[in-house]
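In what follows, chains carry the letters A, B, and so on, assigned in the order in which the sequence lines appear, proteins first and then strands, with residues in each chain numbered from 1. Remember, it's a predicted structure, so these values are computed and weren't measured experimentally. Just so it is clear, the values below take in all heavy atoms, side chains as well, and ignore hydrogens, waters and symmetry mates.
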Amino acid sequence: MDNNFDRRDFLKVLGWGGAAVALSGCGNTSVEDGKETVVSYVEAADYVMPGISVYFNSTCAQCDAGCSITGRVREGRVLKLEGNPDSVINRGKMCGLGQAGVQHHYNPDRVREPLLRTGSSGETITWDKAYALIAEKLNGVSGDQIDFLTGTVSGHLKALLGNYLETLSSKNHYVYEAISPAVQRAANLKSYGMEMPRYSINKAKVVLSFGADFLGAWVSPVHFSQQYAEFRKGVDGQRGVLVQVESKMTLTGANADRWLVVRPGTEGILALGIINALGVAGLSLPANVSALVNAYDKERVSKDTGVSTENLVKLAAMLKERSPSLVLLGSAAEGYEHGSQNAAAINLLNQVLGNVGKTVEASASVPFPQIAPTIGNTAGARIVNNRLASGQTKVLFTYGVNPVFTTPAEMGFKDNMAKAGFKVAFAHYLDETALQADLVLPLDSALEDWGTQVAEYQPDGVQISVQQPLMEKLHPNTRGMGDILLALLKQRNPETYNAFDDYYAYLRTALLKNKPQFADSGADDDVFWNGLLGSGIINVSGNLNKLSDKMAVDINLPAPVEKDSKYPFNLIPSVSAHLRDGRHTNQPWLQESPDPLTTIVWDSWVEIHPKKAAELGIVEGDILQVESKSGSIKAQAYLFPGIHPDAVSIPLGRGHEAMGRYAKGYGVNPFHILNRVFDRETGELAMHETMVSISKVGKRVIVVKDEGAAGGHQDGRRIALSVTSDQVDLSEEV
Amino acid sequence: MSKRHLLAVFSNFHEAEAAVTELRNTSIKGFDSNEDMIVKSPIEHPEVEEFLGDKPVYVQWFTLFGALMGGLLGFFLISGAQANFYAQIKGGKPIVPFPPNFVLTYEMFILGGVYITVLGFLICAGLPAKRSPLYTSKVSEDQIAILVKTDEESAGVLKAIFTKHEALEIQEEAGK
Amino acid sequence: MSVTNLLENWAEFRHTHPVDDVPHDPYKWAMSIDMDTCTGCNACSVACYAENNLPVVGKDRYEHGQAMHWMRIERYWPEDGREFPDQGAQFLPMMCQQCEAAPCETVCPVGATNHTADGLNSQAYNRCIGSRYCSANCPFKVRYFNWYDYPTTENVWPAEMTMQLNPDITLRGKGVMEKCTFCVQRIRAGERSVKNEGRILRDGEVQTACQQVCPTNAITFGNLVDPDSRVHQQWKAQRVELTVDEQEKDKEEGGSDLRGYRILEELRPYPSVMYLERVRESAI
Amino acid sequence: MKDINEDIAWAKINTDVLRSLESPRKLYWVIVFGALAVFSVAVGCEVYQYNMGMGVANMDNPHVWGLYIATFIFWIGMSHSGTLLSAILHLMHADWRKPIYRFAEAMTTFSLMTAGLFVMVHLGRLWQFYYSLPYPNDRSLWPNFQSPLLWDAMAIFTYLSSSVIFLFVGMIPDLAICRDHLHAGWRKKLYTVLALGWEGTDRQWRNFRVTYLTIACFLIPLAVSVHSIVASDFAMSQQPGWHVTSFPPYFVAGALYSGCAAIITLFIILRYTFKFEEYMTLAILKKTVRLTFAIAMVWTYLNAVEFASVWYSHDIASKEVLIQKATGPYAIAWWGMIFCGSVVPLILAFKRFQTNIPVLLVTSLLLNLGMWLERWMIVAPTFSHGIYPWTWDHDQWPSWVQWGMVFGSFGWFTLLFMVFCKVFPSVSMYEVKEMVYHRTLASKKLEDSGMQESGKGAH
């Protein structure tokens, strides 16, 4: 038997199977219909075993954490995604968002043909025509008039994209992520010498988190969840203690031993207050730090932040006693005009506690800079928006972003987009941004496409994750992003790129070129390649970054702002682990998966503290108008005890006006009422700086949620039990 | 010897009773007061049973049989079915649990009792019956009737007794 | 003949299960869930949708309480009137507890729900007539009824979405009761495959979808009668017995410092799921 | 006041009752077509629900039972009055039952048939209902005999068939009357067949008496068992508010209560529609009313017992369900039940209202409303506020499909009842004759002894 099997032939076979199933599902009942796509099970290919599932490794593309997945494939259809146990990132586990990847793939609202806008209507065109059109439109446009706005990119796609930009002589690649810990990266670079060090929650005895939702949506949640499980089991038998400081309870806050509600924006003050208290408790502080925190005595800090002095002292005592600890910071601390200062203060606390090098460790950098991830931030969209507004951009390409949905309405991205002569959207769905484009090019789903991914957060060395198709294309006229870029490159530079039939060939060639760095011996190309696809993972050691531990004391925190009588509430746009910035809202499992804290499904809500609600006469289900300086939205009220009484919170991700049947028309979009306020140092959008007023509009609805009329009370029954650590003996546990 | 039927209709219960008593006490050839006399009445007269003399009723035996068989059948059918049901364990109870089976046995006991009693009634009362040779719809209104069967020659004697007791009407079977 | 069978095996038919018997040979599937590591992230619930062909019912039907989440995450708040939940919320993954003495089984008029020899509470969809008595009698309310014909309902599985459906399990039409099965399709496949090798399943060879996905390994599933299984060791360490309505350790003076317990144990359903209490630090 | 005029001619009894079988009045047709229209609402609802799924009834996942089960119990309860009047009072020789027991028995039969419909429409897969029947099959599949629902099915089947038999056996002499006195036509043929050749012979009467008595003896424990089994549907479960020891007697009392109330209603309607004033006399009505009052008080007492035993128990969940009933979203219905079931019947204690037909009509309807509410309040609150707080659900409200079905069932019942009244004598002619006969004898005896006594006195 010929052992030199070809993965692509195999996929063709698989594809027939998939197509056959698809056709029979579409009502082709006649035997003659589509007989060319029928797979003979009498003479089935080696890989199709009717009734037997086969498993292929790939990489999850639902977020940028780079979890490795194993797809269960049967009769040519991918059925379910499971975690790949060999990955150091997710170690065989997954999150709900990752599970829903199949619904991204099978989504009935995917774009299936290239679409060209003519006036107010659109038409489907062929790919040849689309490529020709791009070539035509790029003709005579100078490089600096061409902008690429993409989400986080890494791997060979990034390399290819860089090459394309080079042939266009454009440097305008802007990477945009609406929800991104960019302020923190800048602060980390100052404090630790690298943007994203490795955090070892599992080695810490105490984790103090300033709004870092590491169990929900922060950086690499599946990885941190596993660390968290180990942390709870304890180091040296001592169960880890989690203290969460934030103004609105996140999923992580809900799992904390002590959840401290803090006045919005005063996280930095609290961090300095803890340093002060540590000093008082006897921890020796460097003189400059001591001078910095001198003014932050417990009474003042308590007054400013709302955290009681008792808690402050207890917390400091525990941090001092139990070492190592770990201090994390998340979006709740970053999202202010003084976000960088908050971040610096919090990092300083980590340094004072001596955690750097123990629980904050050096990360490895990717040895191939051309495939290292380029991380997005909100500045990307801001710059493109300005360029569009001033007419500097003539041709705009968007990929993996939806700025019309995720930027504040005040920025006017939608209107500014119209000023560009030609907009091309590489898209899976007709989302809000694609609707504004002149040309929409349909992409393969992540389960149909080739690629490599390198995650920003690398827990151990560097893991390059390989993405391979789990089944043949569902729709014949979608293309992989790599294939499109290759086709576009061939337009500009045929000599170099005609050598590659397609992106697959490019990828294989590129990876084989680096074989010596990946494989321990000079293995045969095919053996190496098949091994690579089999594991789905390439582990390289990478270069360990140098961890610095320079205590920066030039921290200048503003006093807490007084309440504005017109807009008395802080608006906290909350990030849910499933919906993130709204790019997955059209996956019905995620829409119907209850928000963990409120259990609400399919809709948006305004969280308000019950005490405040009672003051204002608000009950659950009242439709509230939430108004900021830059706009207003209406959503149902939900009385939520885990929020500061002076804050209200609306989750991000819903409120789509497009994107298909499962997303359109459900909920509201708080991105649109965010004020245009930016972090002073980094220029990142200060997401938590929007002040709002709320008013009842006189309508009441039934809140659609899983929680029953008891409202999360057990009513004296022994259902979900809790015990304090001194009453329980964990030593004998298995 | 040929027999013929006579039907005497009385409006007064006491007259009928007197007639019956006389018939019972009179010896008439070819006429046995136990066998050949039927009293038809519009209502159930307990007195009729008295003056007609002891006539046994056997319906109760049917009842006893029916009820016992119903109960036994119920219990064994149900327990037998349970013992043969291939996936049997339910709720941590034995496969043949007594309390529910007793409830059902009880119902079957009653069901058997009622059904067989009615069957017994039909058998004992001879229903459904052919219509007797002489009948008057007055019986189902307000009058009481005595149907007798006798020899041709004794008919006159009977008629005389009926007339004596002020029978409203005497029907005779058409001669053969 | 039924009556002969009845009389011959009388003693066997009068055994009380599982108290009198040692019926769990070689398997008794059970679970334990550590609520100290469960974060309430809902990954298990989504995995259950993916594995078990659960319909997404949509907003209107969710509003009418007709959701089909076999695995639901309940979120509880402290009830002592404190202003802020400063010890967080408490999450409880709740699914069919696969009771050994299941209240649902006795009441089904057609015997659609039974107990299997390996200790599962099974549900025969095509036997179910939809009297819903089982749900009425379930203390945990973890049975879900098909109020509509979801396979033919618009936007439940439109077009290509049907290709995702797990062919190992049926789609349930209207009028049928369903519930968590402990991923019985995986168990059966596993049992069959090792039967050829003449052995029984080892710990970890069969995982439920929720267990497999759980990012914090809060869910342990396995064979309770296998001394090498983690679930067996956990139950043993926590001194939780399957067939009692009150654990010995709870009868001891001063209570127990072990955190294993079963929900509504006092109703005597003998649940097969042990929960481990959430722990909260006392020093802060 | 006499229960019946003793001088009434037997022939007149025949003509009066038989008149009700012929040439219907316009009012009759109005009622029949009205009932048909009402019933068609239920048919429409069922067709819709059958096609769409049970969801259109707006039940939800903890709250899986609704008005269907509540109304099922209501109709089962209604059926008990027939047995009470014909069997219990028969054994107790209360002869005033005689003019009214026939329609009460018919009511038993038809309300059981109505209740059966609710079992059917309640099923999620109606087309597979036969799975619940114990029929032999190759696969040794049997229904689950442990399920109280199966006991229910068995008890109701027994009860329905026994009631039909009892009704029929008791009617044979009357069918003979009909056969003898009606004009030729299809009816005459029908009665000829059904009368089985009854001629009122001494042998027939003798066996008839024993049979009737025996079945009556069976029917009493049967009726008690039927409603205590219905109570077991709830009491055998573990749910708070259902798991109550006193449920079986409570259900039986409730059943007799609602049945008696329904008898009063139908008594008044029949008396008016068929001009039965001479047979359905006010004196009998008065006795029925007093009986109803007594049962109302028994029911009230059992209600109080139930509340008290829940209140003083340590079963927190049950206690909360009770509090929830009185204060939650069902409070109106619950207090309505208390008012209609325990307060309204106090009217019946007043002599002047015991024969006041308008007052009694309204009262009896209110009593039945109260009893219907009682059944709903047994079923629903346990679901909406059960043992497991997470699934509490206080928003569930039956949809129009459920209400339509409940409404339509009254049409179905009325239809059956009206057809029965036209085809079969709704007053037992032979027993009224017996009643008149025995009363005459009794008063004659009284007169005789009275004369003797007065004679003695004259001495």
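- Each of A176(D), A155(D), P173(D) has some count of heavy-atom pairs under 4.5 Å with chain B, and the biggest count is that of A155(D).
- In this structure, the side chain of T109(D) engages the main chain of E105(D) through a donor-acceptor pair within 3.5 Å.
- Residue with the most contacts toward chain B among G197(D), C217(D), G200(D): G200(D) (heavy-atom pairs, distance under 4.5 Å).
- Using a 4.5 Å cut-off between heavy atoms, I123(B) contacts chain D through its backbone alone, with no side-chain atom that close.
- Counting only distance, with no hydrogens or angles, the side chain of R179(D) and the backbone of V193(D) share no donor-acceptor pair below 3.5 Å.
- In this structure, the side chain of S443(D) engages the main chain of T440(D) through a donor-acceptor pair within 3.5 Å.
- Applying a 4.5 Å heavy-atom cutoff, none of the residues of residues 87-102 of chain D approach chain B.
- Between L194(D) and F168(D), the closest side-chain pair of non-hydrogen atoms falls below 4.5 Å.
- A distance-only check finds a donor-acceptor pair linking the side chain of T15(D) to the backbone of A11(D) [under 3.5 Å].
- A pairwise comparison of heavy atoms in P425(D) and L21(D) identifies N-CD2, 3.8 Å as the closest pair.
- By a heavy-atom distance cut of under 4.5 Å, F109(B), I110(B), L111(B), G113(B), V114(B), Y115(B), T117(B) are the residues of residues 109-117 of chain B near chain D, going up by number.
- Using a 4.5 Å heavy-atom cutoff, the side chains of F166(D) and T83(D) are not in contact.
- Both the backbone and the side chain of T201(D) come within contact range of chain B, with heavy atoms under 4.5 Å apart.
- Counting heavy-atom pairs under 4.5 Å between each of E44(B), K130(B), Q143(B), M108(B) and chain D puts E44(B) at the top.
- The part of I229(D) that comes within reach of chain B is its side chain, from C-beta onward, which places non-hydrogen atoms under 4.5 angstrom from that chain.
- Across I43(B) and S41(B), no two heavy atoms sit closer than the pair O-OG, 2.7 Å.
- K188(D) places a side-chain N or O within donor-acceptor distance of the main-chain N or O of L182(D), the cut-off being under 3.5 Å.
- Ring centroids of W198(D) and Y430(D) are separated by 6.0 Å or more, keeping the two rings apart.
- Judged purely by atom type and a 3.5 angstrom limit, N14(D) uses its side chain to pair as donor or acceptor with the backbone of S140(B).
- Residue L441(D) touches chain B through its side chain alone, counting heavy-atom pairs closer than 4.5 Å.
- More than 12 non-hydrogen atoms from other residues, nucleotides or ligands lie less than 6.0 angstrom from NZ of K55(B).
- Of the listed residues (G126(B), C124(B), P42(B)), the greatest number of heavy-atom pairs within a distance under 4.5 Å of chain D belongs to C124(B).
- More than 12 heavy atoms of other residues, nucleotides or ligands lie within 6.0 Å of NZ in K12(D), so this atom counts as buried by the packing criterion.
- When the heavy atoms of residues 62-73 of chain B are compared with those of chain D, the residues falling under 4.5 Å are T63(B), A67(B), listed by number.
- Residue K138(B): no heavy atom, backbone or side chain, is found under 4.5 Å from chain D.
- In summary, the aromatic rings of Y135(B) and H5(B) are positioned with their centroids too far apart to meet the 6.0 Å limit.
- The aromatic rings of F251(D) and H227(D) sit tilted relative to each other, their planes meeting at an angle between 30° and 60°.
- L18(D) and C178(D) make their closest contact through CD2-SG, 3.8 Å (heavy atoms, listed as atom of the first residue, atom of the second, distance).
- Comparing I172(D), L222(D), L150(D), L219(D) by heavy-atom pairs within less than 4.5 Å of chain B, the highest count is held by L222(D).
- Of all the listed residues (Q146(D), Q204(D), M154(D)), the one sharing the greatest number of non-hydrogen pairs under 4.5 Å with chain B is Q146(D).
- In this structure, chain B has no heavy atom under 4.5 Å from any part of L213(D).
- No side-chain donor-acceptor contact under 3.5 Å links S79(D) to the backbone of T108(D).
- A side-chain donor-acceptor contact under 3.5 Å links D174(D) to the backbone of M429(D).
- Only the side chain of I165(D) comes within less than 4.5 Å of a heavy atom in chain B; its backbone stays farther off.
- Residues satisfying the salt bridge (Lys or Arg N to Asp or Glu O under 4.0 Å) criterion with E169(B), sequence neighbours excluded, are absent altogether.
- A tilted orientation is assigned to the rings of W142(D) and F145(D), their planes being inclined by 30° to 60°.
- With hydrogens and angles disregarded, no donor-acceptor distance shorter than 3.5 Å links the side chain of W10(D) to the backbone of E141(B).
- Neither the backbone nor the side chain of P136(D) comes within less than 4.5 Å of any heavy atom of chain B.
- Ranking P134(D), S232(D), P221(D) against chain B, the residue ahead of the rest is P221(D), based on heavy-atom pairs under 4.5 Å.
- Here E434(D) is the residue among E434(D), H438(D), E431(D) with the most heavy-atom pairs under 4.5 Å with chain B.
- The contact between L122(B) and chain D is made entirely by side chain atoms (from C-beta outward), counting heavy-atom distances below 4.5 Å.
- Of the possible polar contacts, none joining the H165(B) side chain to the A16(B) backbone as a donor-acceptor pair under 3.5 Å is found.
- Chain D forms the most heavy-atom pairs under 4.5 Å with one residue out of I38(B), I78(B), T136(B), L147(B), and that residue is I78(B).
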